[in-house]
Each structure stands twice: as structure tokens, then as C-alpha cells.
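Everything on this sheet refers to the single structure shown next.
This chain uses plain numbering: 1 for the first residue, then up along the sequence. Side chains included, hydrogens not; waters and symmetry mates left out as well; all remaining heavy atoms used. Both counts, for ligands and for their atoms, begin at 1 and track the order of listing.
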Amino acid sequence: MNSIERPRRLRRSSAIRALVAQTHLSAADLVWPVFIKEGSKQREPIAAMPGCQRLSLDTLEGEVQNLVDLGLRALALFPQIEDKLKNAKASEALNDKGLVPRAVRMLKGRFPELLVITDVALDPYSSDGHDGLVKNGEILNDESVAVLAEQALIQAASGADFVAPSDMMDGRVGWIRKSLDEAGFSHTAILSYCAKYASGFYGPFREALASAPRSGDKKTYQMNPANRREALREARLDQKEGADILMVKPALAYLDVIQALKRGCTLPIAAYNVSGEYAMVKFAAQNQILDEQSVTMEILTSIKRAGADMIFTYHAPDVLKWLKPL
Ligand code: PBG
């Protein structure tokens, strides 16, 4: 063989491989989505998501302290709302003494440097289990957006760094931006779930929050998995309406969409490694079918390689430990 080019020369040792690595995953890339609930000293396992729990706020405080010590910089809150507080208007979403506003105030008081991201959508609060208001089986758009903008305002007032509309109503980013600015929250950023697909991979999350739609599905507002160009259209609109970061969700089955948005837009791109993606790895690892650490790192690296600037992932607590030099 007379081969001048031998790519294997750059794979000979771990030091060389690290030197020429083209993608890096670090603690600063991670956002930890965490489930919260009322009560004290609560740490309730979620059967569909091994390793994840619903935490009461006191337990959350201790857990966050541990993770901040390991390098956690950002988290996203998802509340389990008690059944008795759910109604058709999702009015608990507008309670400024509700679970999420209290969690934000606690976290920003205790950990001022930690970025706190709140979810703007009605499903955890709605007796219909939809992200918007429902009338005669239809998900209302403009009426929902008015409520979502109020919800975002309450979250901003409690101190959230980012409000993150995950509802996929038309025009919500613009309306939320306007209400925030008018109320003096021009510094509060919007992380828009821009290309959010109607996905089967959200199953375990809906179990975690008991937030599944009571009837119908989410296909009239979340995107069709068959479409990529439509994601660029959503991105153009969200960008024009004032979004600061654009998210693609889920991540693993949508790496091409992440890449398309990264190429087609100038805003930072977030990806959400969702509950179903997490559960597949966890259950396979529990059955000794996959090696959890190598598969998780490979998945998260692939999401970054596709173009994500940050990743929402339930694996964050594990990854922070794995990334920490011993
Ligand atoms: C709803 C919301 C969902 C997720 C985040 N926000 C579920 C849905 O749209 O039904 C899913 C996250 C996950 O599966 O990890 N606003």
C-alpha cells in the first residue's frame, strides 16, 4: 500500500482524538428539565422515566445545590398541578402565588446565577389537557394567546430569565414580547419552542405531569413530523416576532431540522432531548442492552453536531457527573 493519507493517524490515542474532536459537550450546554410538585420532603419516582422524580420545592433546593456544585447553569421547570386546581380556563396558570412562581422566586433567591426557564403552555393546568383553551373540541388560537401572554408575564415578574412558549399557537411570541415590554420586562428573554412536532416521544412526560389531552390529539397545533421546510417558516415568524432562542423538539428524530434551522437562522438553536428519547435509553440500560453512559454521550454529541447550541435533557444530572474530572 502506498497511501499518503491515513486518517487513522489522528485516531491513535485519546490525546490525539481529543485534540481533533470537532464537537464538544460541556456543562454549559445543558438545561435540566425538572418536575415539581406541592408538599414538603417529596421525591416521587416517575415510573415511565427511571431516575426522574417529582420534587417538592424544599427537595428541589437541595438537589439544585448539588447540581450547581457539579456545574449546572440552567434548568426548566415543569409543574404537576393538583387535579382540584385544573379547570377549562386553566386559571391556575395565572396564579402568581402558584407552584411555578414560588419555585422561580426560591431558585432565583438562592441561586441568582442559575438560569431559570419557565414553560408557557396551559396543558398542566387545563382540565382538557391541551396547550390552549378548548371550545367545542377546537383549540382556540387568539383567545389562548391572550392567556399565555398573561402567564408569561407572571413568570417574568417572579424572576424567570427565559419564558419558553411550548404551546405552538400562532402569533404567541409577538404577543408575549409586546406584553413583556409594556410591563417593563424587556430584559426577560423568550426561548420559543419553534419547531415542536406532534410526537409520540412525549408519552412519558405526559405521564409525569398527568397532562395528556383528555380528548383528541395535538396535531392541529404541533407540527407534522413529515415536514422540514415548515420549521423554517416557523423560525422566520418567531424570529420576526422577537424570539431570542429557537428550539427544535424532539431532538433525535429531528437532527435534520436542527441542522436546517442552524443554517437558515442567526439565532441560537436549542434542542429538546425529550422524555421518550430518555426513557428508551434508560430502559435499555436497565436491561443491560445498551451501555448507558456511552450511548447517552453519543446521543447528546450527535445533537450538538447537528447544530444545537444547547440541549434540554433529563440526562443532565448524570452527564454533569460524567463530565466532572475525578
Ligand atoms: C407541553 C409540553 C410537552 C413537553 C414539554 N412541554 C408535552 C406535549 O406537548 O404534550 C414534552 C417534553 C418531553 O416529552 O420531555 N406544553
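For Tyr221, the ring-ring contact (aromatic ring centres under 6.0 Å, His included) test picks out His130, with sequence neighbours left out.
Nearest protein neighbour of atom 2 (C) of ligand 1, counting heavy atoms only, is Lys196 NZ, 3.2 Å. Scanning the protein heavy atoms around atom 14 (O) of ligand 1, the nearest turns out to be Ser275 OG, 2.7 Å.
Of the heavy atoms in Val274, both backbone and side-chain atoms come closer than 4.0 Å to ligand 1. Counting heavy atoms under 4.0 Å from ligand 1, residue Asp167 does not touch it at all. The side chain of Ala121, and not its backbone, has at least one atom closer than 4.0 Å to an atom of ligand 1 (non-hydrogen atoms only; side chain from C-beta on).
Less than 4.0 angstrom separates some heavy atom of Tyr314 from each of these atoms of ligand 1: 12 (C), 13 (C), 15 (O). For ligand 1, the atoms lying closer than 4.0 Å to a non-hydrogen atom of Lys218 are 8 (C), 9 (O), 10 (O). Counting atoms of ligand 1 from 1 in the listed order, those under 4.0 Å from a heavy atom of Asp123 are 1 (C), 2 (C), 16 (N).
Side-chain atoms of Gln65 and Arg110 form a donor-acceptor pair, as typed in the model, at a separation below 3.5 Å. For the residue pair Glu241/Ser192, the side-chain donor-acceptor check at 3.5 Å is not satisfied.
The closest approach between a heavy atom of Tyr272 and any atom of ligand 1 is below 4.0 Å. Assignment of Glu277 to the shell around ligand 1 is not supported, since no heavy atom sits closer than 4.0 Å.
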Worked check of salt bridge (Lys or Arg N to Asp or Glu O under 4.0 Å) between Glu234 and Lys196 | CA-CA 10 Å; Glu234 286 283 0; Lys196 178 172 177 180; over 6 Å; no
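Aromatic rings of Tyr278 and Tyr272 (six-membered ring for Trp) have centroids beyond the 6.0 Å cut-off, not under it.
Counting non-hydrogen atoms of neighbouring residues, nucleotides and ligands closer than 6.0 angstrom, the CD atom of Glu298 reaches no more than 12 such neighbours.
Partner Asp123 forms a salt bridge (Lys or Arg N to Asp or Glu O under 4.0 Å) with one of Lys218, Arg214, Lys86 and no other, that one being Lys218.
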